[in-house]
Asker: 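Let me give you the structure first, and then I'll get to my questions.
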There are 2 protein chains.
Amino acid sequence: MSNLNLGFSLYFQMYGRYTQDLGVHAKEEAARLRESGQRRSLSDRSRSLDLLEFKGRCAKCQICTVRCQKFLISRVGEDWIFLSLLGLVTALLSWGMDYCIAICEDAHKWMYGGLDSNVLLQYLAWVTYSVVLITFSAGFTQILAPQAAGSGVPEMKTILRGVVLKEYLTFKTFVVKVISLTFALGSGMPLGKESPFVHIAGLCAALLCKFMSLFGGIYENESRNMEMLAAACAVGVSCCFASPIGGVLFSIEVTSTFFAVRNYWRGFFAATCSAFFFRLLPVWNNDEETITALYKTHFRLDFPFDLRELPAFAVIGIASGFGGALFVYLNRLIVQFIRTQKTINRFLMKKRLLYPVLVTVIISTLTFPPGFGQFMAGQLTQKESLVTLLDNRTWAKQGIAEEFDYIGHSQAWIHPQVNVFVTLVLFIVMKFWMSALATTMPVPCGAFLPTFVIGAAFGRLVGESMAAWFPDGISTDGTIYPIVPGSYAVVGAAALSGAVSHTVSTAVIVIELTGQISHILPVMIAVILANAVAQSLQPSLYDSIIRIKKLPYLPELGWGHHEKYNIRVEDIMVRDVRYITLNCTYRDLHNVLLSGNLKTLALVETAESMILLGSIEHAQLQSLLSQQLGRSRRLEYIREQAAAEKKRLSMVSNTGSEEDCHRVSQEVRFQISTEESSFSPTRPSPLKPLKPALKRSSVAERPTELPTSKTHTFTDNSTLRMSPSKYILILDDGDVEDDMTLREITEWEEKQLDEQVNFNNCKIDPAPFQLVERTSLHKTHTIFALLGLDHAYVTSIGRLIGVVSLKELRKAIEGSVTVKGVKVRPPLASFRDSGTSSSESEATELHKLWDRNKNMSLPREQTPSESAEKSQ
Amino acid sequence: MSNLNLGFSLYFQMYGRYTQDLGVHAKEEAARLRESGQRRSLSDRSRSLDLLEFKGRCAKCQICTVRCQKFLISRVGEDWIFLSLLGLVTALLSWGMDYCIAICEDAHKWMYGGLDSNVLLQYLAWVTYSVVLITFSAGFTQILAPQAAGSGVPEMKTILRGVVLKEYLTFKTFVVKVISLTFALGSGMPLGKESPFVHIAGLCAALLCKFMSLFGGIYENESRNMEMLAAACAVGVSCCFASPIGGVLFSIEVTSTFFAVRNYWRGFFAATCSAFFFRLLPVWNNDEETITALYKTHFRLDFPFDLRELPAFAVIGIASGFGGALFVYLNRLIVQFIRTQKTINRFLMKKRLLYPVLVTVIISTLTFPPGFGQFMAGQLTQKESLVTLLDNRTWAKQGIAEEFDYIGHSQAWIHPQVNVFVTLVLFIVMKFWMSALATTMPVPCGAFLPTFVIGAAFGRLVGESMAAWFPDGISTDGTIYPIVPGSYAVVGAAALSGAVSHTVSTAVIVIELTGQISHILPVMIAVILANAVAQSLQPSLYDSIIRIKKLPYLPELGWGHHEKYNIRVEDIMVRDVRYITLNCTYRDLHNVLLSGNLKTLALVETAESMILLGSIEHAQLQSLLSQQLGRSRRLEYIREQAAAEKKRLSMVSNTGSEEDCHRVSQEVRFQISTEESSFSPTRPSPLKPLKPALKRSSVAERPTELPTSKTHTFTDNSTLRMSPSKYILILDDGDVEDDMTLREITEWEEKQLDEQVNFNNCKIDPAPFQLVERTSLHKTHTIFALLGLDHAYVTSIGRLIGVVSLKELRKAIEGSVTVKGVKVRPPLASFRDSGTSSSESEATELHKLWDRNKNMSLPREQTPSESAEKSQ
């Protein structure tokens, strides 16, 4: 058991663990394993007996379930069962959500339609409906689980990188995200379902893992759960668009840096199941006859496009690239504007729901169909817009719209006074900033579908223009193949959404979504061009959010990264490594802990040899120190003195103190965690509506793992020294009295500090990752990305000579390290920088988590300059 | 420069380098860098002047090219230029090859058709034509580049894993592969173009890299070239099938274990370019009107399939899974049968071309259209078969074939006497073993397309059966939707090829190939089921070849690998690590080298502390030892003695010896390489026709890198001790006479051996990869796969306690390690084992390379037991 536990710890030592210290983790694992061990130690029979006793009614059913489960696990293998279950559950969720959204939208239309006698009432109904839904969604999110807001893809990416963000995978988050997302999307705002669904699928997987672990032991393995989480990302996309292949690829591109091909089939299998069930449900519901594509198109197959149309497709691609970069920039600008404007910020903080209400009022006022909405097809929902945009027919032949008969929703695009081109342009422009604005609201929402629709509209615009320009098609062979504007819309949708998310796989998604592959080449060309442009201008939307939220990240090397091959580790490493030696005293330890703010410290043999032996977590050292100087040890010292006194007086053997000793060591073992939890802030979460950042799981949420009667609230020694008033004495051990004066304590501590450190109880990572001076930046990046490292030591034949952390690497990649006198920067990087730098004075909660250790030793406010330095 | 060199070396120390020692590599790199340095040191102007002087005629043109190139490289970036060039070149090659193959096939038909008066003549023409083409192809391959035979995908996989197989990426191989492949495919044998084309694309990329490196420095970077090679694999598939997305995915699945997502766009871009150009060429050639799919289908779009047809599709999937496993097994069985049958083997060895001739005669006799071929559509080429199998119409309605009118090639399937089902069954059965047999011929060939066709035939069979069973379709809603057997063929093709290659992406390939995505769900379901079955029975065809060829490989963890989470490194590691200490003597070194056959040795501080400092390549130690005991040092010793003698006599300062010293040290530096090259066998390659295994690049191929006048042919000390007769003395230094007797030499050596080793000139890998005891097998596998490791040391707080190499890991994964008394084996693994074990007595050339160091110290033949142990 403890072996397994150690295995887990090592896993995290290697894969980077930001939010929880090893001590806490080890403790949790130990508790979990102990629990499961107890559970397992009961035989099946006794378990079923237990069930009989406790559950009573449905016991037989449950025994049966357990047996079936056992049979399935033992006989067939469990991965595919889990994956198909995951697919089924997410498909049901997705379909159910779509169903509810459709009901909401219908209700919206019905309200608006029923009041057509009075425009003012109509307007009020139109706006109020959206406002109510969004307010409910935002309020529900804020109150119950602020972490459910936003898309969730950045967080999934961070989690898959190995960082533990426990709050993001809880049942509460799941419920809140599902309900809030349904209401947010039902409001008719330009919000997307796809990226939040990636998070929802991840939540499903995490919860299913937890649920399945009731039946078998496999589901307790962390690294296996990670693999399932990666598959879940694919499922999330797949069951939104019924695109299994595109889903897998999109999730790989968006969430991974290095992809394990052995996980590939998992993603494919789960995504296929999910897409299958998702499309099966409408068939069972008699909505559709058989399984087909979601937004089926009916373009010409025999001659899909002329080769001379390719430049137009390329133009769509390039323009979409710029558009995508602009969208990301705009989105970030809005967030940062609201954050930096102190007065606005303060006002919005007080009235937390004001911001979403304000945004909703603006957007729904502008889309009000009898008002401005008539010029931008405001009455259409996103789905309807997409269907009409992908339509087979040409809307404008030579600019005259009236020639055609329009059935269904296509009428919305035709305005008696206004040209269809104007409508399209207005739609694109308005929806563009509306989407960028709406996705900053603190509700669960994504930006994929809005950009998809805008891209389709842009493609349609180009297509209609082409159709107007060449009314008889381009081909000169005699046969007339008129231009199909709908195919341009397909290309545009793929290109813009690809540019925003920096993915190529939108090409696959769009093909699976429309059920036609004939335009694969134009789509691919446009998507690649859009990516080329967008990637050189801006980070992807998800990376942008990661930076805004200050999640730990590793920038990509980018397109033209050849100069990275010439930078070496010795150029970027920090030479002044903080280390401790094997024979150091507690005083040295204390000094090192006071001076630095590193998460881990290198352990070297001696200061002369500098041979790297391993690394120790900062918190481990803290605990060593507080153990040495802690109250229990001092009490023991007093006790011993008293005993010696007694001995001297009566020569009685002191058997009691040994027992105490044992108990004290037990106390000491769990000391870190209590210290941790006493530090971790359980502040009410709804304080910051606009910053649904990371939070450590509070103590209350943890199951009661330990006999807590013996645990004390120790405070850290260094904290004590800074603020003696904080020194809390809880005297629940009645046997020895703490009668030392403050001066005596200080003396005793000084004596203790001169002792040599005993590393026996300390958890040492015996194999921290090592690089050598000559390792290239390119390779360092690869290794950091592959192994999800946080830092690596630079050694030269066993001797420690430097350290490289994510910070240095980020700096080097983003171009502030000079090699051979030339400043190495990607082109147009300055444009990118200007966007990110203004938000640095903001310290989110995650930021604090990063610096937690530092805060522990020096509990003071960070100066802006420091945080600026850090977040570079 | 030397820094870069070191960087490279470290790259290979980490990523595993099997076929070349570091010494040789370092030397090559040094020479290459020196060359390029010289080249770069010339300014552009002087370069263009040079060009003027040397090229004369086309100098202006070349200056222009150089300038354009420079501009492009500096301004736009170079990756996309390279990738589009690569796409263009491979597309041209692929198209040209298809064109030539079509001509060959037409000629075959013309010959056969022109002789319809005499069946015997017809038969002779039919068989002879194939035999001649195959013989030419095989002979050409055997004589010029035996490594060009076979598919090349296993080798590409090995290369991408970080193993350098230089011979596989030469211009000669390229030419031979292209020409031989064209002839082999033109012969009408059931061979595939796709997998060899992956190799050809890889060759293109490698050669283009070399070519481009004439213009800029980026192309000299090894890791960048690796990235390009990975993209090239995608291009190879893409330009065969015009399937950019499928190509990228297939190449990822087939060649990678961990895929860097940052390479993703490279593959996509290059593959899109390639597919685009490949389909553009027929349009320019007026063969087609516009760009469409390669094997376009015209299935019904409105109601592609009934949900109740899904079980039939699933049956196709499962049956294809078994079929795919059987194919791999059969293929390996044939290879092993021929190898193990000593008499056959010896006979075939002598007449090397007899085997392909024999196979060709058998196969073409059976496909002879007026003979047995009439019952199995023998007259159709693979392309024609595929087109007819994917046909839209139903061949058999209620078993009667005559009802329909057949146009074109579909007639071949209809025999007046025989039912179309019999024809299909015969086709499947015959083609199955024929393809398995044909792909063992020593010509460039793949098995993807043959299995694709067989799968399509199987799908067609099921489809036709379904159509006969349900003549009016399955739907009960009133509308009659007849069953489309062609869609079953699509599903079958994807499933069988997916099962053979263990890939899911054949689903994407088949969709891009047919240009219809409506059947995506049946295809995905069938492919996933086929993979599930095939992966539990057999390794993939490519892995099977890797095992047969004994290339270094790391087995996958497989589907149900949950038990792997419980095995830890301490269960599998070798505790008896061979190490050297920092203060060891040369005698220790000698003993260690004699006793072990490890590629690298651990360097620890002292035998007591066991603190791991680094690892040293075996060859480096060999060179240290031979340097210490070598002739030059002995001569120096003699010289010094003589000088001392002189000094004692005349008290003259010896300035000359210092100079000698310098020269000697220079000699010593390149000593390893000459030693190496004197060892590396330059045996004529056509000796083993059936084993086109790996060979080290011979000395002749290397450019003249060094001033060779000073290099000696040193032999290794241990070799010397075993066989003193081999001790070659080439006295070209005239200044000192080697007047020591053999006894004096031995005495001198004994004295030398007692000296402490000086590691100053030795290249030490300062950061060998370290694991800890508790690391799980699952994680170890991940790390080995991620970093392409060959071995990793197991340390405990800096102390070396064990070592894990690929061998141990393979053993553990393939199930010969017991944990807690239970033998951990994947289900049905015994079936798999029985296939591989019989080939172990065969030692291919690669095998020898692996054991080269051992052979160097102990030049004797390997006993079978040893090799058996090794190849486990």
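Note that the structure is predicted; figures quoted are calculated from it, not measured.
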Asker: Once you round to the nearest 0.5 Å, how far does CD1 of B:Ile525 lie from CZ of A:Phe269?
Answerer: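 Here the interatomic distance stands at 9.5 Å.
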Asker: Is A:Leu249 close to chain B through its backbone or its side chain, or both, or neither, when contacts mean heavy atoms under 4.5 Å?
Answerer: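 When you check distances to chain B, atoms from both the backbone and side chain of A:Leu249 fall under 4.5 Å.
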Asker: Could you tell me the separation between the CH2 atom of B:Trp284 and the CZ atom of B:Phe277, rounded to the nearest 0.5 Å?
Answerer: 7.0 Å
Asker: Name the member of B:Ala507, B:Gly515, B:Ala271, B:Ser505 that forms the most heavy-atom pairs with chain A at distances under 4.5 Å.
Answerer: B:Gly515
Asker: Can you say whether B:Ile511 sits under 4.5 Å from chain A via the side chain, the backbone, both, or neither, judging by heavy atoms?
Answerer: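 Contact with chain A is through both the backbone and side chain of B:Ile511.
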Asker: Where on A:Tyr264 is there a heavy atom nearer than 4.5 Å to chain B: the side chain, the backbone, both, or neither?
Answerer: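 Answer is side chain: those atoms of A:Tyr264 sit under 4.5 Å from chain B.
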Asker: Could you look at B:Ile520 and say if it's the side chain, the backbone, both or neither that has a heavy atom under 4.5 Å from chain A?
Answerer: side chain
Asker: Can you tell which part of B:Val283 gets under 4.5 Å to a heavy atom of chain A, answering side chain, backbone, both or neither?
Answerer: side chain
Asker: Name the region of A:Ile252, side chain, backbone, both or neither, that has any atom closer than 4.5 Å to a heavy atom of chain B.
Answerer: both
Asker: Checking A:Phe305 against chain B: side chain, backbone, both or neither under 4.5 Å from a heavy atom?
Answerer: both
Asker: With rounding to the nearest 0.5 Å, note down the distance linking CG in B:Leu521 to SG in A:Cys273.
Answerer: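 Between B:Leu521 CG and A:Cys273 SG, I get 10.0 Å after rounding to 0.5 Å.
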Asker: Show, in sequence, the C-alpha distance, side-chain angles and deciding distance for A:Leu310 and A:Leu307, and conclude whether the side chain to side chain contact (heavy atoms under 4.5 Å, CB included) test is met.
Answerer: CA-CA 6 Å; A:Leu310 284 180; A:Leu307 285 181; 3.9 Å; yes
Asker: For B:Thr297, give me all partners under side chain to side chain donor-acceptor pair (under 3.5 Å), at least two apart in sequence or on another chain.
Answerer: B:Gln516
Asker: Mind checking the CZ-CE spacing from B:Phe276 to A:Met524? Nearest 0.5 Å is all I need.
Answerer: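 Output value for this atom pair is 12.5 Å.
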